[in-house]
Amino acid sequence: MSSVRPLASAALSALALILATPAFATPGYDAVDPMIGTSGGGHTYPGASAPFGMVQLSPDTDTSCVIRACYAHAAGYQYDDPTIQGFSHTHFSGAGHSDLGDFLVMPVSGDTVPLEPGDPAKPGSGYRSRFDHKAEQAHPGYYAVTLADAHVRAEMAAGTRIGVHRYTFRPGDAAHLILDLRTSLYNYPGKTLWSSIRLRQDGTITGCRQTRGWAPDRMLCFAMRFSAPLKDHAFVSTETDVAYKGFQGPGRGTDDLAELQGRAIVARFDFGKLARPLEVKVAISSVDEAGAIANLDSEPGDFDAIRAKTKAAWEQALGAVDLDAPAAMKTNLYTALYHSLLAPSVASDADGRYRGTDNQVHEAKDFTFRSTFSLWDTFRAEHPLLTIIQPERTNADFIRSLVESQKQSPFGILPVWQYQGRETWCMIGYHAVPVIADAYLKGIKGFNADEALKAMVASATYGPYGGLTDYMKLGYVPIDKEPEAASKTVEYAYDDWTIAQMAKKMGKADIAATFAKRAGNWRNGFDAKTGWVRARLSNGKFREPFDPVSIKYGSDYTEGNAWQYSWFMPQDEGGLIRALGGDAKTVAKLDAMFGYDNSKIDYSSSEDIAGLIGQYIHGNEPSHSVAYLYSYAGQPWRTQERLKQIVDSQYKPTPDGFEGNDDLGQMSAWLMFTGLGFYPVTPGSLQYVIGRPFVDHATLNLPNGKRFAIVTEWLGDAHPYVGKVTLNGKPLTRGYITHAEIEAGGELRFVMSATPNKAWATAKADRPFSMTGY
């Protein structure tokens with residue numbers, strides 16, 4: 001139950017203000033649990049990273065995919081695995097695919113030092129080690145575990161461009177480290193094209209490797225330093241064509257370098273018996289070894305200093321939201337906020353250099369180049385959340401990085417799914433467009449709007465991409481020319497609408513008119529006879545046979561079916577309601593979606609389909625706005641019911657707390673918004689649709705110095721409905737709030753009820769935005 005009760009009289013307004021901005025006993029940092037999502041399909045990692053940091057230093061339990069399919073190890077770590085193979089420096093948080101896992105380090109103690117990781121199905125084999133979760137700690141920017149077979153306490157911390165290891169060996173044991181350049185996430189023979197390692201005269205270890213993974217021909221370099229002197233070393237390659245120069249050791253001549261080049265290199269470093277913990281400081285760079293060394297030098301300090309600095313950075317970042325909620329929800333929400341602040345990550349070196357989409361080196365002179373854009377996922381809620389709590393990074397870094405990438409792209413289009421500056425072409429749409437438009441329309445500055453709009457138009461008119469030539473000619477993507485055509489048609493139409501909105505505000509009437517017309521193309525994919533969004537052939541006919549529940553890779557839809565995609569026209573849900581025959585029929589179809597009996601459908605072979613409630617699939621993004629559509633059809637209390645159903649079934653404060661992968665923060669951002677009581681169904685509309693809150697109090701501490709408070713009276717299972725809403729003390733009759741109202745600061749207050757208020761926000765004038773109205 002809530003600690004807040006209805007106020008006895010208006011005379012207590014001062015008390016109301018106090019309640020709206022309470023003093024919180026537990027800071028957000030302590031409430032975060034990075035272990036959430038590390039089991040099952042959550043695909044999060046528990047290791048150390050700074051906010052939006054370049055390095056994600058985290059344990060990998062299996063890079064060989066022997067225990068289970070590679071998909072389960074997309075983030076390197078699976079909570080149920082019995083061993084840790086080592087600690088690598090790059091990871092995705094919650095991606096539905098994977099790569100990275102660069103530069104794996106593992107401590108080994110004793111006289112025998114295996115150079116192979118061993119079999120994950122045979123604990124104790126190779127250099128991998130068993131571990132116990134009871135001896136594991138995970139906090140923002142810090143991770144620790146005891147390696148049982150190695151007899152080592154391993155600790156990880158991370159700065160912006162560095163990772164720092166601290167290994168405490170058992171007294172009397174000889175201390176060794178393994179550096180394995182052979183391993184990756186989603187590993188396979190031949191993935192590493194080449195690698196190199198060298199020991200420099202000052203004791204610094206540097207090297208690079210090139211992999212042909214998710215992004216082709218990706219190069220990454222590193223620089224590493226130790227807190228103790230090397231006693232000996234070995235560089236080994238399984239390749240026959242290698243170049244090696246032996247190590248003579250300090251004081252044994254001027255040429256004391258060791259170098260090795262090969263396809264698959266593993267290194268052993270020997271330190272003898274140590275009287276104190278060994279610290280290993282590592283920096284990475286996509287440019288060259290010199291960049292990695294400069295990054296290493298840019299963040300001085302030992303393990304404790306780096307850990308403290310990053311902890312302070314996390315406390316500041318998480319301090320954007322103060323919240324109080326029931327214990328489980330508080331943990332879920334602060335962890336969601338944490339996961340929302342991991343990407344897009346820093347990709348430029350301390351000197352501003354970075355490797356771009358064209359695989360050439362560029363320089364970011366007055367901003368920090370960012371990458372890791374999972375845009376098909378994150379345009380929906382992750383980026384809108386960042387416009388509220390991180391607008392300074394949204395303007396100066398994120399959007400400028402997108403626009404610069406478009407300039408460097410061989411095809412002249414904005415990123416689709418990009419990391420470390422390289423493009424994967426994964427997923428569909430040109431969803432950098434709504435990210436840019438939403439930020440511009442919200443008044444976020446710091447980038448050249450004309451350049452940005454030019455890049456947006458270029459992405460939306462590059463004919464060879466995703467069937468755009470036919471889309472521009474026919475008004476839809478034909479399925480006989482392009483796979484997943486039904487999804488592409490409706491997603492392109494929404495992106496087009498955001499271009500029109502931005503162009504209109506900029507006074508570009510011709511561009512606005514062109515793309516406003518294209519925004520209506522969703523209707524060309526909508527079959528009025530059946531009520532579904534469907535794939536059409538070049539001759540205009542809808543493709544047969546048609547099954548609205550079928551989910552097949554590369555078919556009519558992208559990671560979904562007609563049930564999910566027939567709702568995706570966020571710019572014109574009112575137009576959809578009319579096309580479906582009105583409010584009652586729309587609500588009936590929504591109910592049919594959530595109530596669908598899946599008992600005779602087997603989706604086990606469909607990757608990334610998780611979190612099913614009927615045909616609602618919360619574990620995949622096309623469904624994320626659907627629960628809010630009851631409000632568009634005049635029944636907001638049904639939205640409130642569905643949100644409770646989704647939150648209760650899809651999120652837990654446990655390692656298996658995500659039903660589907662987090663997708664670089666999108667699942668987390670959905671929960672963060674929903675927990676506060678509103679959600680950006682249509683980024684670019686400047687509206688947030690009101691749902692229902694899951695917090696007692698929350699305060700958004702806005703960068704402009706204002707504070708926007710959310711207060712809930714009678715929160716609890718006995719009061720699942722919104723009975724009344726006030727904004728700054730005045731009754732709010734509409735079912736949405738605006739971005740400007742949040743930015744102005746103030747208080748949004750909910751009074752919860754045991755029964756639905758069927759009079760609130762039901763009038764068409766009070767419903768959320770729609771392009772063609774109701």
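Everything numeric in this text was worked out from a predicted model, so none of it was measured.
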Participant: Tell me whether the rings of Y143 and F87 are parallel (<30°), tilted (30 to 60°) or perpendicular (>60°).
Facilitator: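 Ring orientation of Y143 relative to F87: tilted.
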Participant: With salt bridge (charged side-chain N to carboxylate O under 4.0 Å, His left out) as the rule and sequence neighbours excluded, what pairs involving residues 129-148 come up?
Facilitator: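 Residue pairs with at least one partner in residues 129-148: R130-D149.
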Participant: Could you give the side-chain donor-acceptor pairs of residues 264-274 under 3.5 Å, partners two or more places apart or in another chain?
Facilitator:
{"unit_1": "R268", "atom_1": "NE", "unit_2": "D270", "atom_2": "OD1", "d": "2.9"}
{"unit_1": "R268", "atom_1": "NE", "unit_2": "D270", "atom_2": "OD2", "d": "2.9"}
{"unit_1": "R268", "atom_1": "NH2", "unit_2": "D270", "atom_2": "OD2", "d": "2.7"}
{"unit_1": "D270", "atom_1": "OD1", "unit_2": "H176", "atom_2": "ND1", "d": "2.7"}

Participant: Report the C-alpha separation of M329 and L323 in whole Å, then their side-chain angles, then the decisive distance to 0.1 Å, and conclude whether the side-chain contact (heavy atoms from CB on, under 4.5 Å) test is met.
Facilitator: CA-CA 10 Å; M329 181 56 63; L323 64 87; over 6 Å; no
Participant: Would you say CD of Q316 has more than 12 non-hydrogen atoms from neighbouring residues, nucleotides or ligands within 6.0 angstrom?
Facilitator: no
Participant: Ring centres under 6.0 Å, that's the criterion: do F226 and Y167 meet it?
Facilitator: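 No, the ring of F226 stays outside the 6.0 Å limit from the ring of Y167, centre to centre.
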Participant: What's the shortest heavy-atom distance between I36 and H339, and which atoms?
Facilitator: O-CE1, 3.5 Å
Participant: Do you know which two heavy atoms are closest between F222 and I197, and how far apart they sit?
Facilitator: CZ-CG1, 4.3 Å
Participant: State which residues pass side-chain hydrogen bond (donor to acceptor under 3.5 Å, both in side chains) with N701; sequence neighbours excluded, sorted by chain then number.
Facilitator: D322
Participant: Mind listing the closest non-hydrogen atom pair of P107 and A150 along with its distance?
Facilitator: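 Nearest pair, atom of P107 first, then A150: O-CB, 3.8 Å.
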Participant: With sequence neighbours left out, write down each residue that passes side-chain hydrogen bond (donor to acceptor under 3.5 Å, both in side chains) with R166, or none if nothing qualifies.
Facilitator: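 Applying side-chain hydrogen bond (donor to acceptor under 3.5 Å, both in side chains) to R166 gives E155, D304.
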Participant: So which heavy atom on D60 is nearest to which on S88, and how close?
Facilitator: OD2-OG, 2.5 Å
Participant: Specify the closest pair of heavy atoms between S129 and A148, including all atoms of both residues, with the distance to one decimal.
Facilitator: OG-N, 3.3 Å
Participant: Quick one: does any side-chain atom of S93 pair with a main-chain N or O of L664 as donor and acceptor, under 3.5 Å?
Facilitator: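 It does not hold such a pair.
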Participant: With a 3.5 Å cut-off and no angle check, do the side chains of S668 and S340 form a donor-acceptor pair?
Facilitator: no
Participant: Among pairs that include at least one residue of residues 332-349, which meet salt bridge (charged side-chain N to carboxylate O under 4.0 Å, His left out), considering only residues two or more places apart or in two chains?
Facilitator: none
Participant: Counting distance only, does the side-chain N/O of Y419 pair as donor-acceptor with the main-chain N or O of T424 below 3.5 Å?
Facilitator: no
Participant: Which residue pairs pass the salt bridge (charged side-chain N to carboxylate O under 4.0 Å, His left out) test when at least one of the two sits in residues 280-300, sequence neighbours left out?
Facilitator: R198-E289, R200-E289, R225-D297, D288-R353
Participant: What is the distance from atom NE2 of H133 to atom OH of Y79, rounded to the nearest 0.5 Å?
Facilitator: 4.0 Å
Participant: Measuring from Y77:OH to H91:NE2, what's the distance to the nearest 0.5 Å?
Facilitator: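 Output value for this atom pair is 11.5 Å.
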Participant: Which pairs pass disulfide bond (SG atoms under 2.5 Å apart) with one or both residues in residues 122-219, sequence neighbours excluded?
Facilitator: C208-C221
Participant: Would you please name every residue forming a side chain to side chain contact (heavy atoms under 4.5 Å, CB included) with R400, sequence neighbours left out?
Facilitator: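 Only D366, F367, F447 meet the side chain to side chain contact (heavy atoms under 4.5 Å, CB included) criterion with R400.
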Participant: Could you check whether S405 and Q418, counting side-chain N and O atoms only, form a donor-acceptor pair closer than 3.5 Å?
Facilitator: yes
Participant: Is it possible for you to check whether K311 lies under 6.0 Å from the centre of the six-membered ring of Y142, through NZ or CZ, and within 45° of that ring's axis?
Facilitator: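 Pair K311/Y142 does not count as cation-pi.
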Participant: I'd like to know if the side chain of T160 reaches the main chain of G53, judged simply by a donor and an acceptor atom lying under 3.5 Å from each other, with no hydrogens or angles considered.
Facilitator: no
Participant: Between S348 (side chain) and F369 (backbone), is there a donor-acceptor pair under 3.5 Å?
Facilitator: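 The answer is yes, because a donor-acceptor pair under 3.5 Å joins these two groups.
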Participant: Who are the side-chain hydrogen bond (donor to acceptor under 3.5 Å, both in side chains) partners of W417, not counting sequence neighbours?
Facilitator: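 Only S374 meet the side-chain hydrogen bond (donor to acceptor under 3.5 Å, both in side chains) criterion with W417.
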Participant: May I ask you to decide if A74's main-chain N or O and S98's side chain share a donor-acceptor pair within less than 3.5 Å?
Facilitator: yes
Participant: Check for a donor-acceptor pair, side chain of R355 on one end and backbone N or O of S286 on the other, with a separation under 3.5 Å.
Facilitator: yes
Participant: To check you understand the geometry: which heavy-atom pair defines the closest contact between G86 and M106, and what is its length?
Facilitator: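 Heavy atoms of G86 and M106 come nearest at CA-SD, 3.6 Å.
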Participant: List the steps and the verdict of ring-ring contact (aromatic ring centres under 6.0 Å, His included) for H97 and F92.
Facilitator: CA-CA 9 Å; H97 193 2; F92 296 130; 8.7 Å; no
Participant: Do the side chain of H165 and the main chain of V280 share a donor and acceptor less than 3.5 angstrom apart?
Facilitator: no
Participant: Under 3.5 Å, is there a donor-acceptor pair linking the side chains of S285 and N295?
Facilitator: no
Participant: Can you list everything that forms a side-chain hydrogen bond (donor to acceptor under 3.5 Å, both in side chains) with R422? Sequence neighbours excluded, please.
Facilitator: N359
Participant: Is there any salt bridge (charged side-chain N to carboxylate O under 4.0 Å, His left out) pair reaching into residues 91-113, and which pairs are they, with sequence neighbours excluded?
Facilitator: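 Counting only pairs at least two positions apart or across chains, the salt bridge (charged side-chain N to carboxylate O under 4.0 Å, His left out) contacts touching residues 91-113 are D99-K191, D99-R218, D102-R209, D102-R218.
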Participant: Give a yes or no on whether the backbone of G118 and the side-chain of S125 come within a donor-acceptor separation of less than 3.5 Å.
Facilitator: no
Participant: Between the side chain of Q78 and the main-chain N/O of A72, is any donor-acceptor distance below 3.5 Å?
Facilitator: yes
Participant: Spell out, as yes or no, whether a donor-acceptor pair under 3.5 Å connects the side chain of D81 to the backbone of T83.
Facilitator: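 No; judged by distance alone, with no hydrogens or angles, the pair does not exist.
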Participant: Hey, could you give me each pair passing side chain to side chain donor-acceptor pair (under 3.5 Å) that has a residue in residues 41-56? Not counting sequence neighbours.
Facilitator: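 Every pair satisfying side chain to side chain donor-acceptor pair (under 3.5 Å) with a residue in residues 41-56: there are none.
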